[in-house]
Q: 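The structure that follows is given in the form of structure tokens.
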Amino acid sequence: MLLTRVQLDLLFYFNTNHLPARVTGVTSIGTLLRNGPGLFSVGDSRYNHWFDGLSLIHSFTFRNGEVWYRSKFLKSDTYRRNIKADRIVVTEFGTMVYPDPCKNIFSRFFTHLSNIIPDFTDNNLVNIIRYGEDYYAASEINYINEIEPSTLETVGRVNYRNHIALNLATAHPHYDEEGNTYNMGTAILGLGKPKYVIFKVPHDASDKSRQKPALRKLQLVCSIPFRSLMFPSYFHSFGMTQNYIVFVEQPFKLDMVKLATAYFRGVSWGSCLKYHKDETTLFHVVNRHTGKSVSTRYYGDALVTFHHINAYEDQDHLVFDLVSYKDSVLYEMFYIDHMRQDPSKVTEDNKRFSPPVCARFALPLNISQDTQRGVNLVSLPDTRARAELQDDGSVYCTPDAIFQGLELPRINYNFNTKKYRYVYGSRVDWSPHPNKIAKVDIETRTHVEWFQENCFPSEPVFVASPGATEEDDGVILSSVISPDPDIAPFMLVLDARTLEELARAEIPASVHMDLHGLFIPASGERPGGHSGDTEGTRRGTLRGH
């Protein structure tokens, strides 16, 4: 999605007061936590990339017919160090920071030496995740920060490396029906060969006294060696079915030599990622109960993906859907200098970017020596995906393009790991025109949209109706902002079946554009899905439509 210059200024100068808002016609359903970049300058220093901004967490609590809004900066170590110095002193994805020239030579030498092996920021601005009954602000690094959902207070920092040898981890875990959390990361340094690791945190891992992190009960599921020793694949999410983990090892890679020398070369960490368009994409399938990989080697053409949509098993096939690109230039769109250009120039520049495509892959699981070669092994009637056995025993897969122009995909998480029909997301047009929310019917290949002129909705989150059995029986929640000063930010409530507006709650404060979030039901059920502060709250009226 795109931001105009006016919107960017809104993000720079928003107010973080906590605000409550009045609602009618909406049941008491719980709290929606959202996370994203919220502060882009400290003192006279500014970040270069939108993904660098300091994390600002906000919540929308539906209670007794009202919506209560609250926001707080994540009090990470990064935040505290920057605020204390009144300048940016911690390096981020697109902003490399150098020591204060006033430091003595010994301090500067130590800073240079420590950046040979970078210790990443703990500015967890991507998502909210749950381990056990604990909630964490997370990004893609070895640090996560525990937060208290009701107050948004930062409880404290946890280091994955104290519990499992990894340097990077996703902010998009999966939750099974028991409430266990599955996640994966990359182990670059330490004993043994570099590898990808998949791990599980049991649903009962939380310490009731809140003194010990849930990660202390972490269980290793399996590890997968790198295809290229010094070039680990970048990944933002992964797929999971009832019995398998699906990991897409894409040719969008992190150059370890460049990462280790980035500080001395004066370039950002983001520049150490490179897309190898002439290589293949590998699809790793691991039994999540035994930790053993499926022996068949599945692969396809080069692609870049950030978000998986869903995965399931169907008639001896493993089906998984993701949002794919033909190049890796998505991150370039979010450099702040690019975002602050004149909207017409942004539109022209973005025409060279490949659009996001919701792609379906189907991997046949019953491959044997007798399997016929040179024919499509996908026998499912509802997809045009293909899989062909090669002479070397590998299977070459081509996807079925379901829909073009959708990002930030969300589903009814009750259907995660199961055959499903609907996906919701942000409609992407690569232009300054207002974004839309879309609902795609995978079965009919049709879609419906919600749209309001000059409004930018956040990632749509599905909340099922109490006792619902149908997949789209529920509501869609999205916080909406606008560069138009006459349009106050508002929480939007849509009918998940039709995308017709049911109600909205205007928030009497500036609300920032965020990335991802997690819904916590008021009933106490385990949530699914990816799903200068001042105290107090404010309230706005939810008007029904």
Q: Counting N and O atoms only, with roles assigned by atom type, does the side chain of His49 sit under 3.5 Å from a partner on the main chain of Phe51, one being a donor and the other an acceptor?
A: yes
Q: What is the minimum heavy-atom distance between Pro356 and Val428, and which atoms define it?
A: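 Heavy atoms only, the tightest pair is CG-CB, 4.3 Å.
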Q: Would you say Ser465 and Asp473 are linked by a side-chain donor-acceptor pair, where the criterion is simply a distance under 3.5 Å?
A: yes
Q: Taking the six-membered ring of Phe451, is NZ or CZ of Lys436 closer than 6.0 Å to its centre and within 45° of its axis?
A: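 Relative to the ring axis of Phe451, which defines the angle, Lys436 lies inside both limits.
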Q: Might you point out which heavy atoms bring Lys418 and Tyr312 nearest each other, and give the distance in Å?
A: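 Between these two residues, the closest heavy atoms are C-CB, 3.4 Å.
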Q: Using 4.0 Å as the upper bound for N to carboxylate O, is an ion pair formed by Glu148 and Lys72?
A: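 Answer for the salt bridge query: no.
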Q: With no hydrogens and no angle check, do the side chains of Arg130 and Tyr175 hold a donor and an acceptor under 3.5 Å apart?
A: no
Q: What's the separation between atom CZ in Arg384 and atom CD1 in Ile402, rounded to the nearest 0.5 Å?
A: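 The CZ atom of Arg384 sits 9.0 Å away from the CD1 atom of Ile402.
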Q: Could you check whether any side-chain N or O of Tyr196 sits under 3.5 Å from a backbone N or O of Ser233, counting only pairs where one atom can act as donor and the other as acceptor?
A: yes
Q: Is the His172 ring parallel, tilted or perpendicular to the His516 ring (thresholds 30°, 60°)?
A: perpendicular
Q: For Arg34 and Leu515, which heavy atoms make the closest approach, and how far apart are they?
A: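 Arg34 and Leu515 have their closest heavy atoms at NH2-O, 3.3 Å.
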Q: Might you point out which heavy atoms bring Ala496 and Phe462 nearest each other, and give the distance in Å?
A: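 Taking every non-hydrogen atom into account, CB-CE1, 3.5 Å.
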Q: Test side-chain contact (heavy atoms from CB on, under 4.5 Å) on Glu443 and Asp382 and set out the steps.
A: CA-CA 7 Å; Glu443 183 176 300; Asp382 57 354; over 6 Å; no
Q: Considering all heavy atoms of both residues, which atom of Val329 and which atom of Asp327 are nearest to each other, and what is their separation?
A: CG2-OD1, 3.1 Å
Q: Testing Phe361, Phe247, Tyr298 for ring-ring contact (aromatic ring centres under 6.0 Å, His included) with Phe283, which one passes?
A: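 Of all the options given, the one that passes is Phe361.
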Q: Distance-only, no hydrogens or angles: does the Glu471 side chain make a donor-acceptor pair with backbone N or O of Tyr420 under 3.5 Å?
A: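 Answer holds: no.
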Q: Is it the case that the ring center of Tyr325 lies less than 6.0 angstrom away from the ring center of Phe306?
A: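 Ring centroids of Phe306 and Tyr325 are less than 6.0 Å from each other.
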Q: Is there a donor-acceptor pair under 3.5 Å between the side chain of Thr186 and the backbone N or O of Leu168?
A: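 Side chain of Thr186 to backbone of Leu168: no pair is present.
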Q: What is the minimum heavy-atom distance between Phe415 and Thr469, and which atoms define it?
A: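 That would be CZ-O, 4.2 Å.
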Q: I would like to know whether Asp207 and Arg216 meet side-chain contact (heavy atoms from CB on, under 4.5 Å); could you show each step before the answer?
A: CA-CA 9 Å; Asp207 175 30; Arg216 76 192 192 283; 3.8 Å; yes
Q: Would you confirm whether Lys439, through its side chain, and Thr498, through its main-chain N or O, come within 3.5 Å as a donor-acceptor pair?
A: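 Not a single qualifying donor-acceptor pair exists.
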Q: What's the spacing between His58 NE2 and Leu33 CG if we round to 0.5 Å?
A: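 So the gap between those two atoms works out to 9.5 Å.
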Q: Around atom NZ of Lys217, are there more than 12 heavy atoms of other residues, nucleotides or ligands at under 6.0 Å?
A: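 Correct, the count exceeds 12.
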Q: Between Arg445 and Asp400 (salt bridge meaning N to carboxylate O under 4.0 Å), is one present in this structure?
A: yes
Q: Please determine, by modelled atom types, if Asn416 and Tyr413 share a side-chain donor-acceptor pair under 3.5 angstrom.
A: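 A donor-acceptor contact under 3.5 Å links the two side chains.
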Q: Check each of Thr241, Ile309, Val248 against Phe320 using the side chain to side chain contact (heavy atoms under 4.5 Å, CB included) test, and report the only one that passes.
A: Val248
Q: Are a donor atom and an acceptor atom from the side chains of Ser59 and Thr31 found within less than 3.5 Å of each other?
A: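 Their side chains do not contain a donor-acceptor pair, so the 3.5 Å distance test is not met.
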Q: Could you verify whether a donor N or O on one side chain and an acceptor N or O on the other, from Tyr396 and Asp301, lie under 3.5 Å apart?
A: yes
Q: What about His174 and His308, are their ring centers closer than 6.0 Å?
A: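 Ring-ring flag for His174/His308: false, centres at least 6.0 Å apart.
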Q: Within 45° of the axis and under 6.0 Å from the centre of the six-membered ring of Tyr143, does NZ or CZ of Arg157 qualify?
A: yes
Q: Salt-bridge test for Lys200 and Asp176: reply yes if a basic N is under 4.0 Å from a carboxylate O, no otherwise.
A: no
Q: Would you check, one step at a time, whether the test side-chain contact (heavy atoms from CB on, under 4.5 Å) holds for Ser237 with Thr170?
A: CA-CA 6 Å; Ser237 61; Thr170 86; 5.8 Å; no
Q: Can you confirm whether Ser426 sits close enough to Pro460 that some side-chain heavy atom of one is under 4.5 Å from a side-chain heavy atom of the other?
A: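 Yes, their side chains come closer than 4.5 Å.
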Q: For Thr446 and Asp441, does a side-chain donor sit closer than 3.5 Å to a side-chain acceptor?
A: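 No, no side-chain donor-acceptor pair sits under 3.5 Å.
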Q: Hey, mind stepping through Leu215 and Tyr131 against side-chain contact (heavy atoms from CB on, under 4.5 Å) and telling me if it holds?
A: CA-CA 7 Å; Leu215 290 180; Tyr131 288 124; 3.9 Å; yes
Q: Do Ser139 and Asn123 have side-chain N/O donor and acceptor atoms under 3.5 Å apart?
A: no
Q: Between His317 and Ser379, is there a donor-acceptor pair closer than 3.5 Å when you use the side chain of the first and the backbone of the second?
A: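 Here the side-chain-to-backbone pair exists.
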